[in-house]
2 protein chains.
Amino acid sequence: MIFRSGGSGPPDLTDGHRMDTADRILTTAEELMQTRGYNGFSYQDLADAIGIRKPSLYHHFPSKADLGRAVIGAYRDRMRRVADQLDAVEGIDPVSALTLYLEPMLEIGRRPGAACLCGVLGSEFSAMPEEMQAEVTAFFEEHLDFLERLLARGRAEAAFRFEAEPRAVARLALSLIEGAMILKRSIDDRTLVGETVGTLTGLLRG
Amino acid sequence: MIFRSGGSGPPDLTDGHRMDTADRILTTAEELMQTRGYNGFSYQDLADAIGIRKPSLYHHFPSKADLGRAVIGAYRDRMRRVADQLDAVEGIDPVSALTLYLEPMLEIGRRPGAACLCGVLGSEFSAMPEEMQAEVTAFFEEHLDFLERLLARGRAEAAFRFEAEPRAVARLALSLIEGAMILKRSIDDRTLVGETVGTLTGLLRG
DNA sequence: GTCTATACAAAGATAGAC
DNA sequence: GTCTATCTTTGTATAGAC
């Protein structure tokens with residue numbers, strides 16, 4: 001394999017592999033969207049953060065809405081991959097699966113200015129292009145489905161104990177995670193998401 | 001008392017009393033901020049929605065940040081009044097107090113495009129003027145304090161049953177409410193907030 | 001693939017008449 | 001207190017050279 005980057009200067013490293021411009025744009029845009037929301041950053045902000053000129057962005061993403069959709073798509077894929085891998089492991093302990101599943105969310109929770117991308121975008125839902133709305137909705141549906149499956153299995157195997165329907169508990173869990181991410185930034189408390197998720201799993205285990 | 005409104009046309013009624021222009025601006029701006037976020041609406045949108053011209057807004061609120069702060073302030077006062085009234089009732093049943101406290105949130109939850117103003121604004125926290133950030137933070141702190149008091153008293157009186165610290169449960173409850181508001185719009189489900197709050201109170205009552 | 005230059009609309013805001 | 005007219009800056013986006 002030949003590295004595509006041909007310029008001078010330091011290589012762009014993230015997660016240990018080199019990134020081309022499109023990836024750098026996606027990564028930086030995700031950061032901006034997580035911290036400022038879709039309507040809270042401009043192509044100018046993005047270009048400044050990356051260190052290129054504004055029109056260069058249009059070569060990779062012909063409109064801000066296209067970029068927005070791509071950013072959510074990448075986030076969604078990344079998060080879904082975790083869920084898919086856990087679904088693929090036969091007979092994994094439900095408590096462990098839940099812990100592994102929540103780890104990416106806890107990681108975001110520990111990053112001071114960050115929050116779940118889709119939680120943030122859900123807050124500006126009707127002020128967003130429709131293509132982006134559909135991506136956000138799909139993200140939430142996917143994760144509700146995963147949580148419902150995991151909770152149902154976990155209760156059947158006596159790893160979890162709760163009265164309500166698995167779907168209702170899944171809805172509660174996802175609401176809780178998303179809400180904790182929003183709240184923690186406003187009260188400037190990095191421990192909130194971890195603490196809250198801990199309280200939840202404590203409740204679920206009876 | 002003499003009504004201040006002097007023009008022709010239908011009187012502006014909300015909650016059964018006439019509103020002057022400043023109130024209409026505040027009310028309409030709150031709606032826009034709840035549905036589109038602070039960076040998702042403009043003075044032009046607001047003027048159009050009210051039916052006046054853009055510069056007229058500046059007579060009442062000299063900047064968008066001023067208006068934003070005023071909108072949160074009004075929302076905060078309104079919500080705090082409920083909490084203060086409940087604090088003032090000697091020996092009120094904690095479960096009833098919690099139900100009454102949550103009713104305004106449930107009402108917002110039933111309104112299709114709406115969400116808690118401060119939850120929405122918490123999502124764009126770092127893309128907001130500092131004066132507004134401070135209001136949002138204060139809102140959350142107030143409500144965490146109220147919930148903590150209520151939960152501690154409720155447990156002492158055996159109306160609630162939970163293991164964790166009252167503060168931790170208050171943080172969980174507020175995260176849950178705010179998250180449910182965000183989520184319900186993105187999955188277009190008006191029942192989510194009510195269902196989720198029901199599940200929570202069920203859990204708290206043991 | 002990136003740049004300079006530029007078009008065009010919208011945003012926040014002000015001046016000053018009525 | 002509201003209006004018309006206007007200013008300035010920013011935002012999204014395109015044209016065309018390198």
Side-chain angles (χ1 to χ4, degrees), chain A residues 2-12 18-29 32-33 35-71 124 126-132, chain B residues 2-12 18-29 32-33 35-71 124 126-132:
Chain A
I2 295 164
F3 292 120
R4 272 173 287 178
S5 127
S8 56
D12 306 301
R18 282 172 179 74
M19 296 170 81
D20 60 19
T21 304
D23 286 335
R24 284 202 295 164
I25 294 171
L26 283 171
T27 304
T28 311
L32 283 170
M33 285 168 65
T35 52
R36 305 184 56 86
Y38 178 70
N39 291 310
F41 84 100
S42 69
Y43 259 35
Q44 187 64 64
D45 298 327
L46 181 54
D48 291 346
I50 297 174
I52 60 175
R53 300 294 177 167
K54 200 169 37 155
S56 305
L57 296 172
Y58 287 89
H59 175 75
H60 302 277
F61 300 96
S63 78
K64 195 188 171 190
D66 281 315
L67 172 59
R69 191 167 36 69
V71 169
E124 18 179 17
S126 60
M128 239 170 30
E130 276 181 31
E131 326 131 61
M132 293 180 62
Chain B
I2 294 164
F3 293 120
R4 273 173 287 177
S5 128
S8 55
D12 306 302
R18 280 171 180 76
M19 296 169 83
D20 61 19
T21 303
D23 286 335
R24 284 202 294 164
I25 294 171
L26 283 172
T27 304
T28 309
L32 283 170
M33 285 167 66
T35 52
R36 305 184 56 85
Y38 178 71
N39 291 309
F41 83 101
S42 69
Y43 259 35
Q44 187 63 62
D45 298 328
L46 181 54
D48 291 345
I50 297 174
I52 60 176
R53 301 292 178 169
K54 192 166 51 150
S56 305
L57 296 172
Y58 288 88
H59 175 76
H60 302 277
F61 300 95
S63 78
K64 195 188 171 190
D66 280 315
L67 172 59
R69 192 169 33 69
V71 168
E124 17 182 14
S126 60
M128 240 171 28
E130 277 181 31
E131 326 132 62
M132 294 180 61

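Protein chains get the first letters and strands the later ones, always in sequence-line order, with residue 1 at the start of each.
Under the rule for a side-chain hydrogen bond (donor to acceptor under 3.5 Å, both in side chains), B:Ser126 has no partner lying at least two apart in sequence or in another chain. Applying the side chain to side chain contact (heavy atoms under 4.5 Å, CB included) test to B:Pro62 and every residue at least two apart in sequence or in another chain returns B:Asp66.
Rounded to an integer number of Å, the gap from CG of A:Asn39 to C1' of D:dT12 is 13 Å. To the nearest angstrom, C1' of C:dG1 lies 12 Å from CZ of A:Arg24. For B:Leu32 and C:dA11, the CG to P distance is 12 Å, given to the nearest whole Å. If you measure from atom OH of B:Tyr58 to atom P of C:dA11, you get 10 Å, rounded to the nearest angstrom.
The nearest pair of heavy atoms linking A:Arg24 to A:Met19 is N-CE, 3.8 Å. Taking each heavy atom of A:Ala29 and A:Leu46 in turn, the nearest pair found is N-CD1, 3.7 Å. Minimum interatomic distance between B:Asn39 and A:Gly40 (heavy atoms only, all atoms of both residues): ND2-CA, 4.0 Å. Across all non-hydrogen atoms, the minimal contact from B:Pro129 to B:Tyr38 is CD-CE2, 3.6 Å.
Distance check: B:Met132 CE to B:Glu124 CD gives 7.5 Å after rounding to the nearest 0.5 Å. Taking CE from A:Met128 and CE from A:Met33, the interatomic distance works out to 7.5 Å, rounded to the nearest 0.5 Å. Distance check: B:Asp23 CG to B:Thr28 OG1 gives 10.0 Å after rounding to the nearest 0.5 Å.
Listed in residue order, the members of residues 61-70 of chain A having a heavy atom less than 4.0 Å from DNA chain C come to none. For residues 42-54 of chain B, proximity to DNA chain D is found at B:Ile52, B:Arg53, defined as any non-hydrogen atom under 4.0 angstrom from a strand atom.
Side chains of B:Phe61 and B:Leu26 form a contact here, defined as non-hydrogen atoms less than 4.5 Å apart.
Distances shown here put every side-chain N or O of B:His59 at or beyond 4.0 Å from the OP1 or OP2 atom of D:dC3.
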Would you give me the side-chain donor-acceptor pairs under 3.5 Å for residues 47-59 of chain B, sequence neighbours excluded?
unit_1, atom_1, unit_2, atom_2, d
B:Asp48, OD1, B:Gln44, NE2, 3.1
B:Ser56, OG, B:Arg53, O, 3.3

Please list, for nucleotides 16-18 of chain D, all pairs of protein and nucleotide N/O atoms separated by less than 3.5 Å.
none

